[in-house]
Amino acid sequence: MSLLHLSRRPLKDAGINVSFEFFPPASQAMEKTLWNSVARLAPLGPSFVSVTYGAGGSTRERTHATISRLVKQTDLEVAAHLTCVGSPREEVDAVIRQYWAAGVRHFVALRGDPPTGPGTAFEGHADGYRNGAELVAGLKAFADFEITVSAYPEKHPDSPDFATDIDMLKRKVDNGATRAITQFFFDNDVFEAYVERVRRAGIYIPIVPGIAPVHDFAKIARFAGKCGTHVPDWLAERFEGLEADPDTSALVASAVAAEQVMDLVGRGFSDFHFYTMNRAELVFAICHLLGLRGMDSAPDTTPIAA
Ligand code: FAD
């Protein structure tokens with residue numbers, strides 16, 4: 001018997017849940033883009049929105065500022081990404097205390113990439129949390145936070161094999177994580193096989209597919225190589241020859257992402273996490289296809305003057 005729930009309900013009652021990931025803006029122009037995107041996507045009623053955090057605390061202030069604004073100015077549930085790589089525990093604990101004071105009760109707990117980039121060898125900080133599982137325990141020792149963690153359908157490049165990789169996920173769950181979001185992937189068979197593997201290992205938390213709309217094929221293909229995400233030939237073929245044609249490329253990207261998500265719905269999955277890259281159009285269109293419509297009263301997301 002399949003371990004997956006494979007019901008095929010009509011979209012409108014499919015109980016679709018979405019969440020949106022943003023990154024902290026580095027300029028005024030980027031800030032405007034972010035807040036416009038939040039204003040466009042918030043009325044779709046996401047389960048939560050999250051904001052990334054640079055490894056080693058490189059975006060510490062900007063992430064905190066973005067999250068504080070989201071908490072103050074919207075009714076959205078806000079999850080703060082937190083990485084621990086390269087930092088002593090006391091520094092990470094100070095960040096946790098800051099978020100607690102700002103009203104944050106949900107973290108996406110991560111080890112983070114070393115400064116040399118994803119997939120490169122590194123030594124953790126001698127007095128630091130060494131991995132995602134240790135960070136989850138540290139967070140739970142502080143307060144009963146909701147904790148989301150990462151998962152890797154194609155295994156993390158640091159993991160020698162799937163057993164080691166899934167063991168790390170199990171340790172995160174044992175320490176209190178209640179949801180995992182996956183690294184982005186393009187092959188739904190790979191994701192489905194991964195979920196079955198995870199269930200066989202006795203892990204029953206939601207494994208939410210992380211969906212990355214392809215805004216720039218060359219860029220995402222390079223990044224995928226570093227993260228261990230396979231880029232199928234069929235995907236490369238779809239973007240072939242469109243290098244100097246951003247408009248057509250954007251239309252193809254919409255079709256590809258919609259196809260991936262609708263196929264996952266057909267396979268019985270109902271929760272989706274979108275790596276928005278702070279851009280709303282494509283994600284909004286996919287959510288529309290999923291049957292999501294704006295709520296009557298949208299939260300106020302007007303940026304406050306700097
Ligand atoms: P962990 O889960 O701790 O480890 C990853 C894997 O590496 C494990 O499965 C484990 O098997 C293996 N591993 C760990 N340590 C060892 C070891 N010593 N020896 C052998 N194998 C080992 N990065 C950011 O910088 N900021 C973000 O905001 C951010 N958000 C993300 C959100 C999501 C949903 C995902 C999937 C990734 C995100 N990342 C982010 C990227 C992430 O930080 C990197 O993938 C990082 O390399 C691993 O972090 P982790 O918490 O997944 O690591």
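Not measured: the values here are computed from a predicted model. First listed ligand is number 1; within each ligand, the first listed atom is number 1.
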**OP:** Please report which non-hydrogen protein atom sits nearest to atom 32 (C) of ligand 1, along with the residue it belongs to and the distance in Å to one decimal place.
**Re:** His81 CE1, 3.7 Å

Original post:
Using 4.0 Å as the upper bound for N to carboxylate O, is an ion pair formed by Arg197 and Asp165?
Top reply: no

**OP:** Apply the test side-chain contact (heavy atoms from CB on, under 4.5 Å) to residues Val95 and Val92: give CA-CA distance (whole Å), side-chain angles for both, the deciding distance (0.1 Å), then the verdict.
**Re:** CA-CA 5 Å; Val95 177; Val92 176; 5.6 Å; no

**OP:** Would you check whether Phe162 reaches within less than 4.0 Å of ligand 1, judged by its heavy atoms?
**Re:** no

Subject >> Numbered atoms of ligand 1 (with element) below 4.0 Å of Gln183, judged on heavy atoms >> reply: 36 (C)

**OP:** If the plane angle is over 60° it's perpendicular, under 30° parallel, otherwise tilted; pick one for Phe145 and Phe142.
**Re:** parallel

Subject >> side-chain contact (heavy atoms from CB on, under 4.5 Å) partner of Phe274, chosen from Pro209, Ser19, Cys287 >> reply: Cys287

Subject >> For Thr83, atoms of ligand 1 separated by under 4.0 Å from a heavy atom >> reply: 24 (C), 25 (O), 26 (N)

Subject >> Top protein contact for atom 2 (O) of ligand 1, by heavy-atom distance >> reply: Lys172 NZ, 2.6 Å

Original post:
Can you list the atoms of ligand 1 that are under 4.0 Å from a heavy atom of Ile181?
Top reply: 34 (C), 36 (C)

Subject >> Lys155 touching ligand 1 at heavy-atom level, < 4.0 angstrom >> reply: no

**OP:** Answer yes or no: does atom CG of Asp233 have more than 12 heavy-atom neighbours from other residues, nucleotides or ligands under 6.0 Å?
**Re:** no

Original post:
Is the charged tip of Arg105 near the ring of Trp100: under 6.0 Å from the six-membered ring centre and within 45° of its axis?
Top reply: yes

Original post:
Distance only, no hydrogens: is a donor on one side chain within 3.5 Å (strictly under) of an acceptor on the other, for Ser50 and His81?
Top reply: yes

**OP:** For this output row, return yes or no: ring centroids of Tyr99 and His64 closer than 6.0 angstrom.
**Re:** yes

Original post:
In terms of residue, atom name and distance, what is the protein heavy atom nearest to atom 20 (C) of ligand 1?
Top reply: Asp158 O, 3.6 Å

Subject >> Identity and distance of the protein heavy atom lying nearest atom 38 (C) of ligand 1 >> reply: Leu110 CD2, 3.7 Å

Original post:
ligand 1 and Gly112, any nitrogen or oxygen pair closer than 3.5 angstrom?
Top reply: yes

Subject >> Selection from Phe184, Tyr152, Tyr275, Tyr53 by shortest heavy-atom distance to atom 34 (C) of ligand 1 >> reply: Tyr275

Original post:
Right, does atom 17 (C) of ligand 1 have protein non-hydrogen atoms nearer than 4.0 Å?
Top reply: no

Subject >> contact_flag Gly210 ligand 1 heavy-atom lt 4.0 Å >> reply: no

**OP:** Among all protein heavy atoms, pick out the one at the shortest distance from atom 3 (O) of ligand 1; state its residue, atom name and that distance to 0.1 Å.
**Re:** Gly132 N, 2.7 Å

Original post:
Has ligand 1 got any nitrogen or oxygen that is less than 3.5 angstrom from a nitrogen or oxygen of Ser159?
Top reply: yes

Subject >> salt_bridge(Asp93, Arg97) N-O dist < 4.0 Å >> reply: no

**OP:** Consider every N or O of Thr52 and every N or O of ligand 1, then say whether any pair is closer than 3.5 Å.
**Re:** no

**OP:** Indicate, as side chain, backbone, both or neither, the part of Phe23 found under 4.0 angstrom from ligand 1 when only non-hydrogen atoms are considered.
**Re:** neither

Original post:
Strictly by modelled atom types, are Thr164 and Lys155 linked by a side-chain donor-acceptor pair under 3.5 Å?
Top reply: no

Original post:
How close does the nearest protein non-hydrogen atom get to atom 46 (C) of ligand 1, and which residue and atom is it?
Top reply: Asp113 OD1, 3.2 Å

Original post:
Which of the atoms in ligand 1, numbered in the order shown and given with their element, are less than 4.0 Å from a heavy-atom of Ala55?
Top reply: 25 (O)

Subject >> Minimum-distance pair of heavy atoms, taken over all atoms of Thr52 and Thr59 >> reply: O-OG1, 4.1 Å

Subject >> Minimum non-hydrogen distance to atom 50 (P) of ligand 1, winning option of Ser150, Ser58, Gly54 >> reply: Ser150

**OP:** Indicate, as side chain, backbone, both or neither, the part of Arg130 found under 4.0 angstrom from ligand 1 when only non-hydrogen atoms are considered.
**Re:** neither

Original post:
What part of Asn131 sits under 4.0 Å from ligand 1 if we count only heavy atoms: the side chain, the backbone, both or neither?
Top reply: both

**OP:** Check for a donor-acceptor pair, side chain of Glu154 on one end and backbone N or O of Cys227 on the other, with a separation under 3.5 Å.
**Re:** no

Original post:
Mind checking whether Asp245 and Asp247 have side chains closer than 4.5 Å, heavy atoms only?
Top reply: yes

Subject >> Glu243 side chain to Gly241 backbone, donor-acceptor under 3.5 Å >> reply: yes

Original post:
Side chain, backbone, both or neither: which part of Arg111 comes within less than 4.0 Å of ligand 1 when only heavy atoms are counted?
Top reply: both

Subject >> Protein heavy-atom partner closest to atom 9 (O) of ligand 1 - residue, atom, separation in Å >> reply: Asp165 OD1, 3.0 Å

